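See below for the structure under consideration.
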2 protein chains.
Amino acid sequence: MAVREGLLALLHEGPRYGYQLKTEFEAATGGVWPLNVGQVYTTLDRLERDGLVEVRGVEGETAPSQKTYAITVDGVAALGEWWEAVPSDDPPPRDELMLKVLMAIERGDDHALRVITHQRTVLLTLLQARRKERRAAGDESLAARLVTDALVARAEADLRWLDTCEEHLQRRPASATSAPTTASSTSTRKASR
Amino acid sequence: MAVREGLLALLHEGPRYGYQLKTEFEAATGGVWPLNVGQVYTTLDRLERDGLVEVRGVEGETAPSQKTYAITVDGVAALGEWWEAVPSDDPPPRDELMLKVLMAIERGDDHALRVITHQRTVLLTLLQARRKERRAAGDESLAARLVTDALVARAEADLRWLDTCEEHLQRRPASATSAPTTASSTSTRKASR
DNA sequence: CATACCATGTAAGCGGTTACATGATTTT
DNA sequence: AAAATCATGTAACCGCTTACATGGTATG
């Protein structure tokens, strides 16, 4: 649910054809998010099927035929909802870093601490690289600048979270290897059979 | 690439069967990320196909047959890489909030500012709700606590980023409607034909 | 006895990625 | 003449979600 609405937003400014949407999408995101052309066409097919978009006409009877699409009233309505919608909650999207730490805890606190410190060092170097590139990207497009800003902010948040994870693990009563209460819930059942 | 490695991590602690993996996965994530049982089986099929997992045996000749899976040496290796890997860069994952703001900018600075302020207010109330739930979740599992901590940190980062977006838009020379330089790159070509 | 839970799976669909095919036009 | 770009599409696969089908077991 990201490319779909992105294309819809571009079509809201006027009729476009597939290839044009690809280039404009990439331009709007500062070249940070390349978009495969094929996906534009399949996405346009789905949008047309759902009635959010319609074929306006085909210009150029020769080979590069430029099949033009336009947004419909339903499409405008769907787009309007998208602007106001806030990225989903309940359930929160599965995040790889969180999952990694949680699974590491399941394996054992010592292992979790090792994973956390390792992730922190890698993330820190990556953050510094991004900060450097942000300083150098003064002449870049606004879009590219904003994206790097967002990535920096996210990385900082992740680093802070890793710190709190470490504190939580160090403060809690030593349950050396694994969480005993949760693990037994499934294994006891098997033993009682 | 999240459920797959999660199951692999659980299997590293010992042989498990499908349904067991579902319950343990949900327990490890503090019940925050429910996992459809069907996906466990399809994922196990793919893991077996890739040689990261193998069927250890089927216990119980009666109906609930409990088909047990175990991790292989290749599986252990793949898991080892996962612990050290840092969530991907280049290209950074498409994020809905970022895309939304970038597309709003494409439509016009005034529209972008409206979207930003709206997103900020919604995010702020959502953040306060999560802070409240975090304070109340003292007796919850460590996993659930860490997840809410992470979500709070992310929300704070997003809010800060929205602020910087607003500053960037307000400071830059008034290009009222849309970005003229980027938009012309594709439209001029069509006009020149 | 009915309901909930345990345990296995299949089928259909979604959005996304990669790769390939076709042909014209423009640039080198 | 060769290569890059424009422009359309198709095919196969991935991980994921939802829903359904099939039974046995335990609990109310």
Side-chain angles (χ1 to χ4, degrees), chain A residues 1-8 16-26 33-50 52 55 57-69 82 88 90-91 93-96 99 185-193, chain B residues 1-8 16-26 33-50 52 55 57-69 82 88 90-91 93-96 99 185-193:
Chain A
M1 289 296 194
V3 172
R4 182 183 159 99
E5 320 290 350
L7 297 186
L8 216 52
R16 304 282 143 98
Y17 51 90
Y19 196 89
Q20 199 177 6
L21 287 170
K22 171 212 159 70
T23 60
E24 289 190 17
F25 184 94
E26 292 179 344
W33 289 321
L35 179 59
N36 187 282
V37 200
Q39 192 179 345
V40 174
Y41 297 113
T42 56
T43 304
L44 281 174
D45 287 343
R46 281 186 228 117
L47 283 170
E48 190 182 6
R49 178 204 56 192
D50 298 344
L52 306 183
V55 178
V58 180
E59 279 173 51
E61 50 281 338
T62 59
S65 32
Q66 281 182 329
K67 193 175 173 184
T68 305
Y69 288 86
W82 187 63
S88 73
D90 198 50
R94 277 198 288 268
D95 181 82
E96 195 164 344
L99 192 66
S185 62
T186 48
S187 55
T188 47
R189 202 196 153 273
K190 193 185 175 186
S192 65
R193 296 192 63 186
Chain B
M1 289 296 197
V3 173
R4 182 185 159 97
E5 320 290 350
L7 297 186
L8 215 51
R16 304 283 143 98
Y17 54 90
Y19 196 89
Q20 200 176 6
L21 286 171
K22 171 211 158 71
T23 60
E24 289 190 16
F25 184 94
E26 292 179 344
W33 290 319
L35 180 59
N36 187 284
V37 201
Q39 191 177 346
V40 175
Y41 297 113
T42 56
T43 305
L44 281 173
D45 287 343
R46 280 185 231 116
L47 283 170
E48 189 183 6
R49 178 204 55 190
D50 297 345
L52 306 183
V55 179
V58 181
E59 278 173 51
E61 50 280 338
T62 59
S65 32
Q66 282 182 324
K67 194 175 174 184
T68 305
Y69 288 85
W82 188 63
S88 71
D90 198 49
R94 276 199 288 268
D95 180 82
E96 194 163 345
L99 193 65
S185 64
T186 48
S187 54
T188 47
R189 203 198 152 273
K190 193 185 176 187
S192 67
R193 299 192 60 186

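Here the structure is a predicted model, which is why all the values come from computation and not from measurement. Convention: sequence-line order gives letters A, B, ...; per-chain numbering from 1.
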Quick one: list whatever passes side-chain hydrogen bond (donor to acceptor under 3.5 Å, both in side chains) with [X], sequence neighbours left out.
X       : result
A/Gln39 : none
A/Lys67 : none
B/Asp50 : B/Arg4
A/Trp82 : B/Glu96

Give a yes/no on whether any side-chain N or O of [X] is located under 4.0 angstrom from OP1 or OP2 of [N].
X       : N      : value
B/Arg49 : D/dC13 : no
B/Arg16 : C/dA7  : no
B/Lys22 : C/dC6  : no
B/Arg46 : D/dC14 : no

_Please enumerate all residues that pass salt bridge (Lys or Arg N to Asp or Glu O under 4.0 Å) together with B/Glu48, with sequence neighbours excluded._
none
*Check side-chain contact (heavy atoms from CB on, under 4.5 Å) between B/Tyr19 and all other residues, then give those that pass, not counting sequence neighbours.*
B/Tyr17, B/Thr23, B/Val37, B/Tyr41
*Counting any heavy atom closer than 4.0 Å, what does A/Val3 reach on the DNA or RNA strands: base, sugar-phosphate only, or nothing?*
sugar-phosphate
*Per the end-axis method with five pairs at each terminus, what is the bend angle of the helix from C/dC1-D/dG28 to C/dT28-D/dA1, to 10°?*
20°
Restricting both atoms to N or O, compile the protein contacts to nucleotides 19-21 of chain D shorter than 3.5 Å, with distance only.
none

*Between D/dC16, C/dT17, C/dC6, spot the one nearest the side chain of B/Ala2, thanks.*
D/dC16
